[in-house]
Amino acid sequence: MKQKTNFSCTQCGYQSPKWLGKCPDCGAWNTMIEEQQSPPSARGGRIVSAKSVAMPIGDVPPQAEARMGCGISELDRVLGGGLVPGSLVLIGGDPGIGKSTLLLQAMHHLALDGAVLYVSGEESAAQTRLRGERLGVYGRQLLVLAENSLEEIISYVERLKPRAVVVDSIQTVWTQSLESAPGSVSQVRESAGRLMMLAKGSGIPVFIVGHVTKDGAIAGPRVLEHIVDTVLYFEGDRGHPYRILRAVKNRFGSTNEIGVFEMKSGGLHEVSNPSELFLSERPIDAPGSVVTASLEGSRTLLVEIQALVTASTYGTPRRTTIGVDSNRLALLVAVLEKKAGLHLGGQDIFLNVAGGARLNEPAADLAMMLAVASSHLDRPVPNQTIVFGEVGLAGEVRAVTQPEPRISEALKLGFSRCLLPAGNMKRLTPGGMELDSVSTVQEALQLLL
Ligand code: TYD
Ligand code: MG
């Protein structure tokens, strides 16, 4: 059968009948490549094995929650409380960040109760063994298969019926039903679709690894996000030992959860108290440094926000952020200029969240503003103080959700003073913390700087 050609974006999977310089969906340039469409036979699959019948929603038998623990509590939490049978989980991340290491460690635990299959398309079985030795991972039930053919992998899984499967990585898997090269959008998508059918049909959970690709002809994990049940991204700076596992999509749990790990010579170690880690190298009494408490799913993280404000040497001052949204910074800087009278127009502003964390909660607004003001005025924020609060365009400080866990996490780490929105003061019992409430940005600046 002749296969139809099409153009697909290697970043997001957008398809177009003609070539385009810029992907209309994700906006990336020069990522559209020519692909063959899958033949209809390969696409029309069923993901439920028995014949489906429509029934009233209340009569649908409840699914027994039999999640499997992976033995790594940071991973289990991000998954929503363990691995759901029959789920397809994508772990994306930059090459070398530690995806294979994490999954090999998880498989080691799962193999204690039955056979598991680790399919490696990137490394030989001997290389995987070498890595296993380094991690102290062994066990007769952890089976390693070096294979690229999707058909072989599926037939192996159907014969072996393991407790769980890892396919490392999806970009190396290749199906005979398509003529395009391994790693192309159609191959990656087709392989993931077939693995989804395998997982749903057999009830075996499948992890797939996807490398983030910057450009070129290899499809990245974003192409798969809509196919799989759960998308986890493994992030971190290769210069730092810390890694953050973040759920971006989860059909079986919250997407706010994060898991924090430290990469050591013996593999990934869980970091159960990340606040301590994020604050460990904090300079004392340095202008521009402010600690805030951010909620990440069910957990509170204390993180240090650092700002550096310097006179700009170019016509247009720079606004550079790492770990926070730069539009948010621009907005907060405008409020600082208009409402607090700071002259920041001719200043370059750099804002960084120390330790590689990422904040996307408006509760960090007040701390970001104070960090900028503190650096600009060259006056430090008192050392044992934490700050949280959302800031509106009129310079008002708005209440945030759940102030209590933020305060108690700060108390645990030895903070004695907390600057918080006046709207949060109701029903709060101080319990050892000195609480300073503010309702405007001006008040906050007066109190702390
Ligand atoms: P890896 O899991 O191979 O990354 P990925 O599968 O995401 O490409 O991790 C590779 C990096 O981790 C490599 O730079 C070496 C480092 N590493 C350690 O520091 N300690 C270890 O015990 C292992 C196995 C790897
Ligand atoms: Mg790998």
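Just follow the structure's listing: the first ligand is 1, and inside any ligand the first atom is 1. The figures here come from the full heavy-atom set of this structure, side chains too, leaving out hydrogens, waters and symmetry mates.
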Item to complete: Would you mind running through ligand 1 and noting each atom that sits below 4.0 Å from a heavy atom of Leu135?
Response: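 Those atoms are 22 (O), 24 (C).
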The atoms of ligand 1 lying under 4.0 Å from a heavy atom of Pro95, numbered in the order shown, are 8 (O)
Atom 16 (C) of ligand 1 has as its nearest protein heavy atom Met263 CE, 4.0 Å
_Minimum-distance protein heavy atom relative to atom 2 (O) of ligand 1_ =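 So the nearest neighbour among protein heavy atoms is Thr101 OG1, 2.5 Å.
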### Closest non-hydrogen atom pair, Ile208 against Ala192
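Heavy atoms only, the tightest pair is CD1-CB, 4.3 Å.
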Note on the Mg ion (ligand 2): protein N/O/S atoms within less than 2.8 Å are Ser100 OG
If you compare Arg131, Lys99, Arg134, Arg243 by their heavy atoms, the one closest to atom 15 (C) of ligand 1 turns out to be Arg134
Worksheet item: Looking only at non-hydrogen atoms, which of Gly96, Gly136, Ser120 approaches atom 13 (C) of ligand 1 most closely?
Response: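 That would be Gly96.
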Notebook entry, point to check: Can you find a non-hydrogen atom of Gly93 under 4.0 Å from ligand 1?
Noted result: no
May I ask whether Lys264 places a heavy atom under 4.0 Å from ligand 1?
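Distance cut 4.0 Å: Lys264 passes for ligand 1.
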Is there a donor in the side chain of [X] and an acceptor in the side chain of [Y], or the other way round, less than 3.5 Å apart?
| X | Y | result |
| --- | --- | --- |
| Ser312 | Arg318 | no |
| Glu304 | Ser289 | yes |
| Ser73 | Glu270 | yes |

For this session: To the nearest 0.5 Å, tell me how far Leu145 CG sits from Thr128 OG1.
Result: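 Reported to 0.5 Å precision, the distance equals 10.0 Å.
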d(Ile204 CD1, Glu158 CD) to nearest 0.5 Å is 8.5 Å
- Query: If we only count N/O pairs under 3.5 Å, is Gly98 in contact with ligand 1?
  - Reply: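 Yes, Gly98 has an N/O under 3.5 Å of an N/O on ligand 1.
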Within-cut-off N or O pair, Ser100 and ligand 1, under 3.5 Å = yes
Salt-bridged, [X] to [Y], with N to O below 4.0 Å?
| X | Y | answer |
| --- | --- | --- |
| Arg328 | Glu361 | no |
| Lys99 | Glu122 | no |
| Arg194 | Glu151 | yes |

Quiz item: Could you give all pairs that pass the side chain to side chain donor-acceptor pair (under 3.5 Å) test and reach residues 134-148, with sequence neighbours left out?
Solution: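 Listed once each, the pairs would be none.
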Subject >> Gly93 backbone acceptor or donor facing Glu235 side chain under 3.5 Å >> reply: no
